[in-house]
Amino acid sequence: MTTATATDPERHDDIEPSVLRRYYTNLLSWPTTIDSQTGEVRLCLGETVDALVMRAGFGGEVNHELVQAMMRAPIIVAPGKKAVDWVFLTQPRTHMRQSTLDDLMAAQIGWYKPGDTVALPAFGETEDGLRWLQRPEAGEELPSWGAVVGAVRRTFTRAW
């Protein structure tokens, strides 16, 4: 018999933000903070983790491209007013040529500025619908920024 603990990511009850933050910080080594106004656990982007944002449909194709290359990215599903975005978490960003930036812009891919934060979901469904499509796993390395950008470019090129 297995007993769920407060840091067990399979547990789907309400998890206190401080417990969730400890999980992300201690087990995944992610720089997190708790938003004092909303109580959300937020991931600080730039130095350790970065993120690319895309519409869900295109994100599914990009994720398929990553899986074919035997890679896995944690993906946050972020419902918006008009569309659902997928946030792919990566290693820190690397320098990009102008042609790469142009391709990302054409594919309507977004990214955050270093120092920005993104809300991290609890491990169950949250009130606002924020959830994990693919949860992070302790000891699993994030895909490189370049690998996810490459998957975006291959998917975008194939779509046209």
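Please read all numbers here as calculations on a predicted model, not as lab measurements.
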Worksheet item: Has the side chain of Q134 got a donor or acceptor atom that lies under 3.5 Å from a matching backbone atom of I75?
Response: no
Worksheet item: How many angstroms lie between CG in L89 and OG1 in T48, if you round to the nearest 0.5 Å?
Response: 12.0 Å
Item to complete: Any chance you could measure S99, atom OG, to L104, atom CG, to the nearest 0.5 Å?
Response: 9.5 Å
Fill in: Heavy-atom pair of closest approach, residues A73 and L66
CB-CD1, 4.2 Å
Practice prompt. Would you indicate whether E137, at its atom CD, is surrounded by more than 12 heavy atoms from other residues, nucleotides or ligands within a distance under 6.0 Å?
Written response: yes
Item to complete: State plainly whether one hydrophobic cluster holds both W86 and V67, where clusters connect Ile, Leu, Val, Met, Phe, Trp and Tyr through side-chain heavy atoms under 4.5 angstrom apart.
Response: no
Fill in: Closest non-hydrogen atom pair, L20 against P121
CD2-O, 3.9 Å
Worksheet item: When rounded to the nearest 0.5 angstrom, what distance separates CD in E140 from CZ in R135?
Response: 12.5 Å
Item to complete: List in chain and number order the residues that pass side-chain hydrogen bond (donor to acceptor under 3.5 Å, both in side chains) with R21, two or more places apart in sequence or in another chain; answer none if no residue qualifies.
Response: T32
Worksheet item: Is the shortest heavy-atom distance from the side chain of C44 to the side chain of T33 under 4.5 Å?
Response: yes
Fill in: Check against side chain to side chain contact (heavy atoms under 4.5 Å, CB included), W111 and L45
CA-CA 10 Å; W111 55 89; L45 300 172; over 6 Å; no
Worksheet item: Out of curiosity, R55 CZ to D85 CG, how far, rounded to the nearest 0.5 Å?
Response: 4.5 Å
Worksheet item: For the residue pair T100 and M96, what are the closest heavy atoms and their distance?
Response: CG2-SD, 4.0 Å
Worksheet item: For A122 and W132, which heavy atoms make the closest approach, and how far apart are they?
Response: O-CD1, 3.6 Å
Discussion item. Test of understanding: with side-chain hydrogen bond (donor to acceptor under 3.5 Å, both in side chains), list the residues that count as partners of E47, not counting sequence neighbours.
Written reply: none
Discussion item. Could you measure the distance from the CZ atom of R42 to the CD1 atom of I34? Nearest 0.5 Å is fine.
Written reply: 12.0 Å
Worksheet, complete the sentence: Here the pair of heavy atoms bringing G46 nearest to P92 is O-CB, 3.5 Å
Discussion item. Are there over 12 heavy-atom neighbours, none belonging to Q68, within less than 6.0 Å of that residue's CD?
Written reply: yes
Fill in: For Y24, all residues meeting ring pair (Phe, Tyr, Trp, His ring centres under 6.0 Å), sequence neighbours excluded
W30, F123
Fill in: Closest non-hydrogen atom pair between L142 and Q91, with its separation
O-NE2, 2.7 Å
Fill in: Test side chain to side chain contact (heavy atoms under 4.5 Å, CB included) applied to L101 and Q98, step by step
CA-CA 5 Å; L101 289 170; Q98 187 59 47; 3.9 Å; yes
Discussion item. Rounded to the nearest 0.5 Å, what separates atom CZ in F88 from atom CG in L133?
Written reply: 8.0 Å
Discussion item. Counting C-beta onward and ignoring hydrogens, is there a side-chain heavy-atom pair between V152 and F58 closer than 4.5 Å?
Written reply: yes
Worksheet item: Are the side chain of R93 and the backbone N or O of Y112 linked by a donor-acceptor pair below 3.5 Å?
Response: yes
